[in-house]
Amino acid sequence: MKNLKSWANAAAISIAIFTFLSVLNALFFGSGTFELTTLAPYLTVDGVVPAYTELLALLTYAAVGIFFLTAVRLFKNQQFGLKKANIIHFLSSLFIFYFLTVLSNFPLGWPYQQILQFYRSIPASQLKTIYFSPLETILFSYVLIWLVMWFYYRHQIKQLNKKLHS
């Protein structure tokens, strides 16, 4: 029960922070929530339902909060080694954010036949790009964040060693 409560708190805090940032974005730049679907250039009818876009934004915001909470707990847990914690963290982030990307590319509220016709009208090379470019983005982001954190902690260790030796 305690884990569920802390996950709900992390999701709520993350939703609050990102919603506030979306409001600031709307005030200063004229757009609130970012356009979640990568199918926008192919839409010939109005396929973006505002409630669906906002729901996906909230799910993404909650996933980010849970993602950070899980990362902190994984790396604080001493029973996992660093390699195992990194692998679990990487696979969970890949699954969560790729699932949200695929979900955001699904045209909600369309009849089944229209969805099939819609996806058949997109060239296969473009369809591969739509579904594989998020994987590249997730991989690049994960590696970049991991490297930044590694350099940060390396710098911190050097500073602590200086203090210990002086």
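Scope of the values below: all heavy atoms of this structure, side chains included, with no hydrogens, waters or symmetry mates.
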Original post:
For Tyr152, which fellow cluster members are found when Ile, Leu, Val, Met, Phe, Trp and Tyr are connected by side-chain heavy-atom distances below 4.5 angstrom, either directly or through intermediates?
Top reply: Ile145, Met149, Tyr153

Subject >> Partners passing side chain to side chain contact (heavy atoms under 4.5 Å, CB included) against Ala63 (at least two apart in sequence or in another chain) >> reply: Ile96, Phe97, Leu100

Subject >> Residue pair Ser14 / Ala62: nearest heavy atoms and the distance that separates them >> reply: OG-N, 4.5 Å

Nearest-0.5 Å distance, [atom1] of residue [X] to [atom2] of residue [Y]:
| X | Y | atom1 | atom2 | answer |
| --- | --- | --- | --- | --- |
| Arg73 | Ile66 | CZ | CD1 | 11.0 Å |
| Thr70 | Phe68 | OG1 | CZ | 11.0 Å |
| Lys84 | Ile88 | NZ | CD1 | 5.5 Å |
| Leu164 | Ile157 | CG | CD1 | 11.5 Å |
| Ile15 | Leu59 | CD1 | CG | 8.0 Å |
| Trp7 | Leu69 | CH2 | CG | 7.5 Å |

Original post:
In terms of hydrophobic clustering (I, L, V, M, F, W, Y; side-chain heavy atoms under 4.5 Å; direct or indirect links), are Leu135 and Leu91 co-clustered?
Top reply: yes

Original post:
Linking I/L/V/M/F/W/Y whenever their side-chain heavy atoms sit closer than 4.5 Å, directly or via other members, would Val72 and Val64 fall into one cluster?
Top reply: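 They do not share one cluster, since no chain of ILVMFWY contacts under 4.5 Å joins Val72 to Val64.
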
Original post:
Do any N or O atoms from the side chain of Ser6 and from the backbone of Asn3 form a donor-acceptor pair under 3.5 angstrom?
Top reply: yes

Original post:
Parallel, tilted or perpendicular: which fits the ring planes of Tyr142 and Phe90, with parallel below 30° and perpendicular above 60°?
Top reply: perpendicular

